[in-house]
Each structure stands twice: as C-alpha cells, then as structure tokens.
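Pasting in a structure now, in structure tokens, and then I'll have a few things to ask.
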Amino acid sequence: MEQRHLGRTGLRVSRIGLGTLTWGRGTDEHDAADLLKAFWEAGGTLVDTADVYGDGEAEYLLGQLMEGLVPRRDLVISTKAGSVPDPDRPVDGSRGHLLAALDASLARLGTDYVDVWHIHAYDPDTPLEETLQALDLAVSSGRARYAGVSNFCGWQLAKAATWQLAAPGIRTRLSSTQLEYSLLQRGVEREVLPAALDLGIGLLPSSPLGRGVLTGKYRNSTPADSRGASEHLAPFVAPYLDDTAGRIVDAVRTAADGLAVTPLQVALAWIRDRPGVAAPVIGARNAQQLTAALSVEALSLPDEICRALDDVSAPVHRYPDHDWSTL
C-alpha cells in the first residue's frame with residue numbers, strides 16, 4: 001500500500017487507515033484479529049483507536065493482538081483522549097485528565113508510546129494552551145511521537161496550530177486532524193481543510209463511506225446485519241438516509257457501473273485522493289469488508305468522474321467563502 005507523509009512531518013502512514021470504533025463491542029477478538037492481520041498483510045500501517053472506544057476495550061484488544069499477531073514496529077498507532085462519559089461535561093481537555101488518560105491508554109495497549117496522540121475534541125471550559133501543553137509533555141516525555149487534534153472546527157484548529165508554531169522547538173507542531181469527511185459530509189471543506197492545507201496538517205477523514213451509506217446497501221432497505229439495524233448505531237446512520245443522500249448514492253452507483261467497480265471503491269477513491277487527505281480511516285466489521293475496501297489501492301478515478309461527483313455532492317458555501325462580487 002502506498003505510504004504518505006502525515007501533514008508536514010516526516011512520519012509516513014498507509015494511505016488507508018484501519019479504525020477500531022466497534023472493537024470490543026460489535027467486533028470480537030476473532031474478527032479483530034482477522035482485520036488486523038489482513039490490514040498488515042496488505043501493507044497497512046495506520047491503526048486508529050481512542051480511549052473511549054468500547055470503554056477502553058478497543059485499545060486493550062489492539063494491545064493483545066500486537067503481542068503475538070502483528071509486530072508493534074510495523075504499525076502506526078493513533079489514539080485519542082478527552083472525551084468522557086459525563087453528560088454534564090462530555091469533553092475534558094484539562095492537562096491532568098489528558099495525561100492520566102494517555103498513561104491508561106499505554107497500559108491497555110501494552111506499549112511505551114503511541115505514534116500519534118490526538119485531543120478528541122475541543123474543550124471550551126479549559127484554556128487551550130493548557131490542553132496543548134499536554135501534547136507537548138506527552139511528546140517530550142516520549143509517550144507520544146506526534147500530536148494532533150480531532151473534531152476541531154476551523155478557527156479552533158487554526159488557533160491551536162498557530163499557538164504551537166509560535167514556539168518552534170519548544171511546542172509540538174500539530175501533525176494531523178481527524179474529522180468526518182465523505183461525499184455525504186463535506187463540511188470540512190468550508191474552513192477546516194483550507195486551514196489544514198495552509199498549516200501543513202494532514203487530514204484523517206473518519207466515516208469516509210458516509211457511515212456505510214455510500215456502499216449503496218441502504219438504498220432500498222436496511223440489512224438486518226448492518227449498523228443501521230443496530231440498536232447502538234442506527235441513530236448514527238439515520239441522518240444519511242434522506243433524499244439528498246440518495247441522489248449522491250445513485251451518482252456513486254452510476255460511476256461504479258461505468259468503471260466496472262463497486263460503489264465502495266468509487267466513494268473511497270474519491271475521498272482518499274482529495275487535497276490535504278493523508279488517510280481515510282475505515283471501520284470494517286470483518287475481514288471480507290476490509291478486503292473489499294483495500295482493493296481500492298489500484299483504482300484512481302478519472303477526472304470527469306471526480307468532477308461529476310463533486311458537482312452532485314457540492315455543499316452550499318456562499319459568502320464569505322466566495323467572492324462577494326460573484327454572488
């Protein structure tokens with residue numbers, strides 16, 4: 001699998017990442033083992049997780065698999081901290097919480113360091129410089145090699161990255177940002193992506209297949225074994241089952257038919273090759289789904305197909321994103 005630099009850093013990652021959101025909950029240890037082995041054998045390196053996935057079970061399961069299945073040195077492990085199961089304060093970006101969470105993540109993963117450590121979300125109740133200091137301490141202590149953020153909007157990302165760049169050699173440059181991005185969700189293109197491109201921050205899109213909807217499997221009904229039929233994940237899929245999404249899914253299917261490939265391959269190739277994208281993170285449920293996704297490695301979409309998909313999925317961005325004189 002082709003490797004790409006993560007933002008403006010020397011770290012290289014596979015241009016498709018493996019997500020572990022359902023590990024330890026919907027994905028058991030046997031399926032997880034099959035997924036990790038298939039990903040590694042295909043040349044994949046970037047494995048993304050978080051301390052809250054499966055209440056820590058995803059990290060623990062990944063750590064167990066790294067012991068005997070896949071060498072730690074062959075993987076780029078990304079994890080996140082900051083989200084907490086507290087309805088009154090769902091994000092805790094305090095230095096104390098973040099560093100304690102990192103230590104707990106390392107214990108579950110069974111490793112001395114993570115390759116990339118992300119702040120899971122912006123905390124409006126903690127000074128940003130305190131949150132970012134946790135990143136600096138993690139890197140300077142060797143517990144993390146690189147640092148990033150997740151779910152930061154445009155101004156939050158720009159503020160954080162600029163703060164870090166203001167003291168080179170002392171503060172840690174942000175390597176990456178992780179947000180949802182797909183043909184069904186292009187909101188990052190408004191401000192986040194331009195900021196990331198300007199600041200040299202690599203984008204790691206989550207849900208690159210529109211929460212599974214872009215595969216076309218929900219076009220006529222909801223399969224009984226799908227996430228859309230799951231008690232926990234049905235509300236996650238539901239927002240992308242409207243008429244607008246349906247038109248985009250139809251366009252993807254038309255493109256796939258014309259290229260003699262699958263809708264999954266078209267949707268994944270489109271997001272993989274967008275400007276600023278380092279690696280979309282896919283959350284396959286089993287090795288069969290993962291193999292289907294990894295088959296996109298040999299596919300590059302023709303320019304006319306990309307333009308057609310761009311047009312049918314274009315978000316409404318007017319003033320101030322466009323020149324006011326053209327409106």
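Count residues from 1 along the sequence.
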*asked:* Contact between Arg145 and Val116 at the side-chain level, heavy atoms closer than 4.5 Å - yes or no?
replied: no
*In Å and rounded to the nearest 0.5 Å, what is the OH to CG distance from Tyr240 to Leu183?*
11.0 Å
_Pro280 vs Ile16 side-chain heavy atoms within contact, under 4.5 Å_ = yes
*Could you tell me the separation between the CD1 atom of Ile201 and the CG atom of Leu203, rounded to the nearest 0.5 Å?*
10.0 Å
*Asp136 side chain to Thr172 main-chain N or O, any donor-acceptor pair under 3.5 Å?*
yes
*Would you check if Leu128 and Trp163 make a side-chain contact, meaning some heavy-atom pair closer than 4.5 Å?*
no
*Quick one: pull up NE2 in His30 and CG in Asn286 and give me the separation to the nearest 0.5 Å.*
14.5 Å
*So Ile77 and Thr111, side chain to side chain contact (heavy atoms under 4.5 Å, CB included) or not? Walk me through it.*
CA-CA 10 Å; Ile77 302 300; Thr111 184; over 6 Å; no
*If Ile, Leu, Val, Met, Phe, Trp and Tyr residues are connected whenever their side-chain heavy atoms lie under 4.5 Å apart, and connections chain through other members, are Val149 and Val91 in the same group?*
no
*Look at the side chain of Thr49 and the backbone N and O of Thr79, then say whether any donor-acceptor pair between them is shorter than 3.5 Å.*
no
*Looking at side-chain heavy atoms only, is the closest gap between Arg108 and Leu61 below 4.5 Å?*
no
*Inspect the contact between Asp250 and Arg219 and indicate whether a charged nitrogen and a carboxylate oxygen are less than 4.0 angstrom apart.*
yes
*May I ask you to say whether Arg15 pairs ionically with Glu297, meaning some side-chain N is under 4.0 Å from a carboxylate O?*
yes
*Check Leu36 against Trp23 and note the closest heavy-atom contact, atom names and distance.*
CB-CH2, 4.2 Å
*Using the test side-chain hydrogen bond (donor to acceptor under 3.5 Å, both in side chains), find all partners of Asp74 that sit at least two apart in sequence or belong to another chain.*
Trp40
*Give a yes or no answer on whether the side chain of Thr45 reaches the backbone of Ser14 with a donor-acceptor pair at less than 3.5 Å.*
yes
*asked:* Going by the rule side-chain contact (heavy atoms from CB on, under 4.5 Å), which residues pair with Thr244 if we only count those two or more places apart in sequence or in a different chain?
replied: Asp242, Arg247
*Would you indicate whether the side-chain heavy atoms of Leu259 and Pro302 approach each other to under 4.5 Å?*
yes
*asked:* I'd like to know whether Val213 forms a side chain to side chain contact (heavy atoms under 4.5 Å, CB included) with Leu184, so could you lay out the CA-CA distance, the side-chain angles of the two residues, the decisive distance to 0.1 Å, and finally the verdict.
replied: CA-CA 9 Å; Val213 174; Leu184 297 182; 3.9 Å; yes
*Can you tell me how far the OG atom of Ser206 sits from the CD atom of Gln185, to the nearest 0.5 Å?*
9.5 Å
*Does any donor atom in the side chain of Thr27 or Arg285 lie under 3.5 Å from an acceptor atom in the other side chain?*
no
*Mind running side chain to side chain contact (heavy atoms under 4.5 Å, CB included) on Leu106 and Asp112 for me, showing each step along the way?*
CA-CA 6 Å; Leu106 294 176; Asp112 295 331; over 6 Å; no
_Within 6.0 angstrom of Asp311 CG, more than 12 heavy atoms from elsewhere_ = yes
*Evaluate whether atom CG of Asp28 has more than 12 neighbouring non-hydrogen atoms of other residues, nucleotides or ligands under 6.0 angstrom away.*
yes
*Can you name the closest pair of heavy atoms from Leu301 and Ala269 and give their distance?*
CG-CB, 3.9 Å
*Find out if a path of hydrophobic residues (ILVMFWY) with successive side-chain heavy-atom gaps under 4.5 Å connects Leu174 to Leu204.*
no
*When you look at His118 and Ser176, which way does the side-chain hydrogen bond (donor to acceptor under 3.5 Å, both in side chains) test go after all the steps?*
CA-CA 8 Å; His118 290 93; Ser176 52; 2.7 Å; yes
*In this structure, which one of Val296, Leu290, Thr291 forms a side chain to side chain contact (heavy atoms under 4.5 Å, CB included) with Leu294?*
Leu290
*SB check Asp273 Arg4 (cutoff 4.0 Å)*: yes
*Quick one: are Ile248 and Leu214 in side-chain contact, heavy atoms under 4.5 Å?*
yes
*What is the minimum heavy-atom distance between Asp51 and Ser105, and which atoms define it?*
CB-OG, 3.6 Å
_For Pro239 against Arg211, the heavy-atom pair lying closest together_ = CG-NH1, 4.0 Å
*Is it the case that Arg72 places NZ or CZ above or below the six-membered ring of Tyr113, under 6.0 angstrom from the centre and within 45 degrees of the axis?*
yes
*Does any N or O in the side chain of Gln156 come within less than 3.5 Å of the main-chain N or O of Cys153, such that one atom is a donor and the other an acceptor?*
yes
*asked:* Check whether Thr126 reaches the backbone of Asp123 with its side chain - one donor and one acceptor, N or O, closer than 3.5 Å.
replied: no
*Specify the closest pair of heavy atoms between Leu299 and Val266, including all atoms of both residues, with the distance to one decimal.*
CD2-N, 4.3 Å
*Is there a side-chain contact between Gln288 and Asp34, using heavy atoms and a 4.5 Å cut-off?*
no
*Joint cluster assignment, Phe152 & Tyr146, ILVMFWY side-chain distance < 4.5 Å*: no
*Would Arg95 and Leu137 count as a side chain to side chain contact (heavy atoms under 4.5 Å, CB included) if you check the C-alpha gap in whole Å, the side-chain angles of each, and the deciding distance to 0.1 Å?*
CA-CA 9 Å; Arg95 182 173 59 245; Leu137 289 169; 3.7 Å; yes
*CG/Asp31 to CD/Gln289 distance, rounded to the nearest 0.5 angstrom?*
9.5 Å
_If hydrophobic clusters are built by linking Ile, Leu, Val, Met, Phe, Trp and Tyr wherever their side-chain heavy atoms come under 4.5 Å apart, do Leu62 and Trp117 end up in the same one?_
yes
*With hydrophobic residues grouped by side-chain heavy-atom distances under 4.5 Å, do Val13 and Val277 end up in a single group?*
no
*Any side-chain heavy-atom pair from Met66 and Leu75 closer than 4.5 angstrom?*
yes
_Salt bridge check, Arg274 against Glu189: does any charged N sit closer than 4.0 Å to a carboxylate O?_
yes
*Check Leu132 against Gln164 and note the closest heavy-atom contact, atom names and distance.*
CB-OE1, 3.4 Å
*asked:* Are there over 12 heavy-atom neighbours, none belonging to Tyr60, within less than 6.0 Å of that residue's OH?
replied: no
*Whether Thr162 side chain and Lys159 backbone form a donor-acceptor pair below 3.5 Å*: no
*Does any N or O in the side chain of Arg186 come within less than 3.5 Å of the main-chain N or O of Asp310, such that one atom is a donor and the other an acceptor?*
yes
*Measuring from Leu102:CG to Leu109:CG, what's the distance to the nearest 0.5 Å?*
9.5 Å
*When you measure from the side chain of Ser175 to the backbone N and O of Ala147, does any donor-acceptor pair fall under 3.5 Å?*
yes
_N/O donor-acceptor pair under 3.5 Å between Ser150 side chain and Gln178 backbone_ = yes
_Main-chain N/O of His97 paired with Ser94 side-chain donor or acceptor, under 3.5 Å_ = yes
